Amino acid sequence: MADLNSFVEKTLELLNLERQAEINESRAFYENADNTTLENKGVCLRKLVVFGRKTGLYGRSLLTLGKSKGHSSKNLPLPAHCITAGDIVGLSYSSADNNVAELSSGIVTRVSETSVVVAFEEAFDLQSFDEDRLMRVTRLANDVTFKRMKRALETLCIPSSFCSSHLVSVLFGDTAIGAPLNLSSLAGNRDDGSVRQEVFYNANLNESQRDAVRFALSCRDVGIIHGPPGTGKTTTIVEVIVQAVKKYDLKILACAPSNIAVDNILERLVKYKIKAVRLGHPARVMEKIHSYSLDAILDSSHDTTIVKDVRRDIDLTLRKLQGSRNSGERSRLRTEIKTLRKELREREEKALKQILQNVQVILSTNVSASNDGPLKHLPRDHFDLVIIDEAAQSLEAACWIPLLWAPRCVLAGDHKQLPPTIMSRDAARRGLEETLMEKVIKMLGDKVVHMLTTQYRMHEIIMSWSSEQLYDGKLLADVSVAQHLLCHLPDVNDTELASLPLLMIDTASCDLYELQAQDEESKGNEGEADVVAAHIEGLVESGVKQQDIGVITPYNLQVELLRSRLSSKYPALEIKSVDGFQGREKEAIVISMVRSNTKREIGFLAENRRMNVAVTRARRHLTMVGDSSTVGHDPFLSSLVEYISAHGEVWSAEQYRSHISGDTTRIASRTSTKTSNEDKSKLKNSKQHKEKSNSNTEYVSKKKHERKLDSLKNSNNKPQFLFTLLDNEGQTDTTVDNTEKLEGQIKAFLYDPTRSELVFSTDLTSQERFTVHRLAEEFGLEHVSKGTGEERFIAVAKKRTSDEDPDIVETERATKKAEYNTEMIETEPSDNTNICQFCGKQIPGLNMSLHEIRCEQGRQRENNTLSGNVAISVGNSSGKKKVKKGRSAKKNENTGNLDGKNDTGDKNDEQSENMKKLDELLADFKRKDSQCALQDCKKSILTVGQKCEFCLKVYCLGHRFPEVHGCTQAAKEHARSATGATRQVSQKAAAKRGHLERKLESRIKDMQGNRRTKHKDGK
């Protein structure tokens, strides 16, 4: 008893610490935040109007609130908020002051886009408040749980107040555990004296689950079903309940720490046609099993006909109370309501007691099993067995609430997964985090534990790591899931990514370091979030559905970073913390580890159970994104890194560099970046893996480029993609602006006289394709897209005049190519550029010598052409202008050089100057023709532009509206002319209406004049 008293005293102290931590956090949040901040956080709804007030939901008062504009009957949508059905909220008047008095508190029963419905207890009916004022609803912290746990612990110290004193003595180690029960004797014999045969109502149970059912039913005091992830723990629990009821006629109290866990048991139980009732507020029960809630059964009972009449009387009296202004009348009505409430409570209690005594199974949360709830109408020895599911996620104090109701108990759960959430670090450190299930296993050992070993969730490669590390290698994957992959799902392509069960994207040596929030607790990693987003894109492109993918990360800040990148594009994708995914599963899971720092700190990632939960959520595919050099510093996480290296694939985050830098380049080929199986088998520890992943990045990128060039050079039906965006080391350079590189390639091609066509790679993004088309247009080159799908590429060619002889051009090109190759050998490569002394263009230093020679030859040919009888046609607004040779030239030709001077050089200079002016005129015309017509706007309109219907000029999208570029008056006149006909019709209609009104008035006057006055005598 001393141990029991010390336990109660210590646990009450720790619960007080936890409660105070919760209060302090809630108080700090609400007091330090103004109304606008609270509303932006979604925990407060202000300026609400009372739409209705009535008695509903089985006797509770319902208040419907929403937003309305003025006296309009149309409800306005509520702002974004996080108030959901089942939340406890406070009701108060809406005010600018945050510290307003609370009128009452209730539970949200229904939330729609335009309204929220709150259920209040009966005392709310007697409250008077001004319903014409604007109201506020604020989500509150719940203290009911704390009070009930405290009451249960205090009851433990009084053995005479409960029937499970022997069980309590066993669980505290004061009494030895009893021998197992004989199930055959417990079940009894048939009427003919024969022994009952063993029957399993679920024929699909495996042998491990059947043994667990036998074990649980035969335990005299306590039994524990240890269910690792995916082993069918809840299915086993349901079979235990069904057999206990149908074969042994036991009364069962089934509980769990959360409403969803209780609903899962009930949902599977109803198909066996067992009389069951679900305790708890109807708002917290799943809609599909709502008919099994206590309130719903009570409402449909034959004994509640009179109860319904009493409710109607209460509603009628309430309406009278709201409409009355007389103080005496209001006092009388309140007394009447109080009397009706008392009658309603007495009749409901009588019907409620009868319902509870007639059912075989009662289900509730641990806290709802308190003796101050509906169970208070039952005797203390009513139940034969208590079953607590997810016991490893419940506080020990909460488990004692239902355990006081029966002499036997079965605990089910997995203590290798996350423990209950504790807000007070001090309380957790001092033992509040330890659950009853863990304590019993430590004290009594394996003799009270049966472990389920066959799992039906994970691919065997995903399962094996957690099995070896945490479950002594006992887990076995059922044949139905042992080899299933993403590519086996309908509509999923058989890609390399979809055929991988296990993958790690290593961010080591990629400079993707973690961020740190201002509170110095939550962590985030921008670069890692980019990598995850790119990987999700790859999964979706492979055909995996969004709803089949889950993203898990240990930190809330990282959750927000990932949602900002993915939620708008993939709304069905689930992104949650590890705690939020406990008990869930997805076909594909991506884990973002976040931590990457030079100190090798991993924080609470060192909690082994947290990583076990994250890994075991995946069914067919698991990807871990993290820094192996940081997470590998922890021995447990290091074992995971080594396991993935040996049994899965390891890719470097370098292949996602384009996504990290903000570029839209497609994900690099997965085939060329994965580590070979032979290399991975040599990774014996995390240090070797780190060195391998660091060296892989440069090696793999070079090999990829070499293979691509080799395949293209050996192909007969594909162009030679020799101009890819490569840096000096042969790696794809995505850290600089690709526009500059593309422009450099086109310029080099333009100034190279030996080349007539430039073909770009198929790896260009849509943005880069647009850039190529734009640059080619600016440089006057022909550009065309060829191929389809992933084989689509762009070819750029120099324009050729129609009078050129193809044979001559080809001969000259061959000669120039030979000279160009000789020049290239003699010239050292350089990234510098020089200005040509002849044409003034900026030329790469590599091509300057050859360019000057060709440029001078080109000028000589132009001079010879201009000196002959050739007319150059120049297109302008007035037609074609012909430039003919001058009179002085003709005179000199006929008479010779009379003054004895040779002026050929002067003529050539003059002609060259004219050509330059002509080139400048054409270039300026072309530039203006390709730019927005608005002055000072330099945006190109070659690809996207719009012509104004008033001034007939072409503008960019930003200046296309008449009001922007100066055609406002013309647009107004056009609008007036368009509405003139409508205005004329309206004037005609008004005139006609006036005529009819005057005609009606005249008719009424005539009828009034003809009316005869009736005399009093009737004549």
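In this text, all values refer to a predicted model and were calculated from it rather than measured experimentally.
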Heavy-atom donor-acceptor pair, D478 side chain to V481 backbone, under 3.5 Å: no
When rounded to the nearest 0.5 angstrom, what is the spacing between CD1 in I644 and CE in M624? 4.0 Å
Donor-acceptor under 3.5 Å (D472 side chain, K474 main chain): no
Strictly below 4.0 Å, N to O, side chains only: are E438 and R609 in salt-bridge contact? yes
So, the side chain of E239 versus the backbone of Y201: is there a donor-acceptor pair under 3.5 Å, distance only? yes
List the steps and the verdict of salt bridge (Lys or Arg N to Asp or Glu O under 4.0 Å) for R210 and E207. CA-CA 5 Å; R210 296 189 177 198; E207 194 58 35; 5.2 Å; no
If you look at every heavy atom in F383 and A406, which pair is closest and at what distance? O-CB, 3.8 Å
Grab the two heavy atoms, one from T616 and one from P229, that are nearest each other, plus how far apart they are. OG1-CG, 3.5 Å
Looking only at atom types and distance, does a side-chain atom of S394 sit under 3.5 Å from a main-chain N or O of A391, one as donor and one as acceptor? no
Pairs meeting criterion salt bridge (charged side-chain N to carboxylate O under 4.0 Å, His left out) with involvement of residues 258-275, two or more places apart: D263-R278, E267-K288
Within the 3.5 Å criterion, strictly below it, is a donor on E18 or S424 matched to an acceptor on the partner's side chain? no
Against R620, only a single residue in E585, E587, E460 fulfils salt bridge (Lys or Arg N to Asp or Glu O under 4.0 Å); can you say which? E587
Who pairs with E396 by salt bridge (Lys or Arg N to Asp or Glu O under 4.0 Å), at least two apart in sequence or on another chain? K439
CD1-NZ distance between I225 and K233, expressed to the nearest 0.5 angstrom: 9.0 Å
Closer than 3.5 angstrom, by distance alone: can the side chain of Q558 be matched with the main-chain N or O of S592 as a donor-acceptor pair? no
Are any side-chain N or O atoms of T11 and backbone N or O atoms of F7, one a donor and one an acceptor, separated by less than 3.5 Å? yes
So, is the end of the K246 side chain (NZ or CZ) under 6.0 Å from the ring centre of Y272 and within 45° of the ring's axis? no
Using a strict 4.0 Å threshold on nitrogen-to-oxygen distance, state whether E13 and K10 make a salt bridge. no
Considering all heavy atoms of both residues, which atom of T435 and which atom of A392 are nearest to each other, and what is their separation? CG2-O, 3.4 Å
Test item: D221 side-chain N/O and G178 main-chain N/O as donor-acceptor pair under 3.5 Å: yes
Rounded distance [0.5 Å steps], CG in L279 versus CD1 in I362: 6.0 Å
Verify, without hydrogens or angle tests, whether S164 (side chain) and L167 (backbone) share a donor-acceptor contact under 3.5 angstrom. no
Please collect all side-chain hydrogen bond (donor to acceptor under 3.5 Å, both in side chains) contacts where either partner lies in residues 412-421, sequence neighbours excluded, each pair once. H226-D414, D414-Q417, D414-Y471, Q417-R617
T234-N264 side chain donor-acceptor pair, cut-off 3.5 Å: no
Looking at T553, I591, L418, N612, which one forms a side chain to side chain contact (heavy atoms under 4.5 Å, CB included) with V578? L418
Nearest 0.5 Å, what's the CG-OG1 distance between L500 and T623? 8.0 Å
Say you draw a straight line from CG of L403 to CD1 of I388; how long is it, rounded to the nearest 0.5 Å? 4.0 Å
Taking every heavy atom of S370 against every heavy atom of R151, the minimum-distance pair comes out as OG-NH1, 3.6 Å
Quick check against the 3.5 Å criterion: does H450 have a side-chain atom that pairs as donor or acceptor with the backbone of S208? yes
With a cut-off of 6.0 Å (strictly less than), are more than 12 heavy atoms of other residues, nucleotides or ligands near CD of E154? yes
Verdict with supporting geometry, D384 and R408, salt bridge (Lys or Arg N to Asp or Glu O under 4.0 Å): CA-CA 7 Å; D384 301 301; R408 299 171 57 198; over 6 Å; no
Minimum heavy-atom separation for F172 to M443, with atom names? C-SD, 4.1 Å
List the steps and the verdict of side chain to side chain contact (heavy atoms under 4.5 Å, CB included) for S464 and H647. CA-CA 10 Å; S464 296; H647 300 88; over 6 Å; no
Can you tell me if H382 uses its side chain to pair, donor with acceptor, with the backbone of P379 under 3.5 Å? no
What heavy-atom pair brings R619 and H484 nearest, and what distance separates the two atoms? O-NE2, 3.0 Å
Test D372 against R148 for side chain to side chain contact (heavy atoms under 4.5 Å, CB included), laying out the working first. CA-CA 9 Å; D372 63 346; R148 291 181 174 177; 3.4 Å; yes
I265 side, atom CD1; I387 side, atom CD1 - distance, nearest 0.5 Å: 8.0 Å
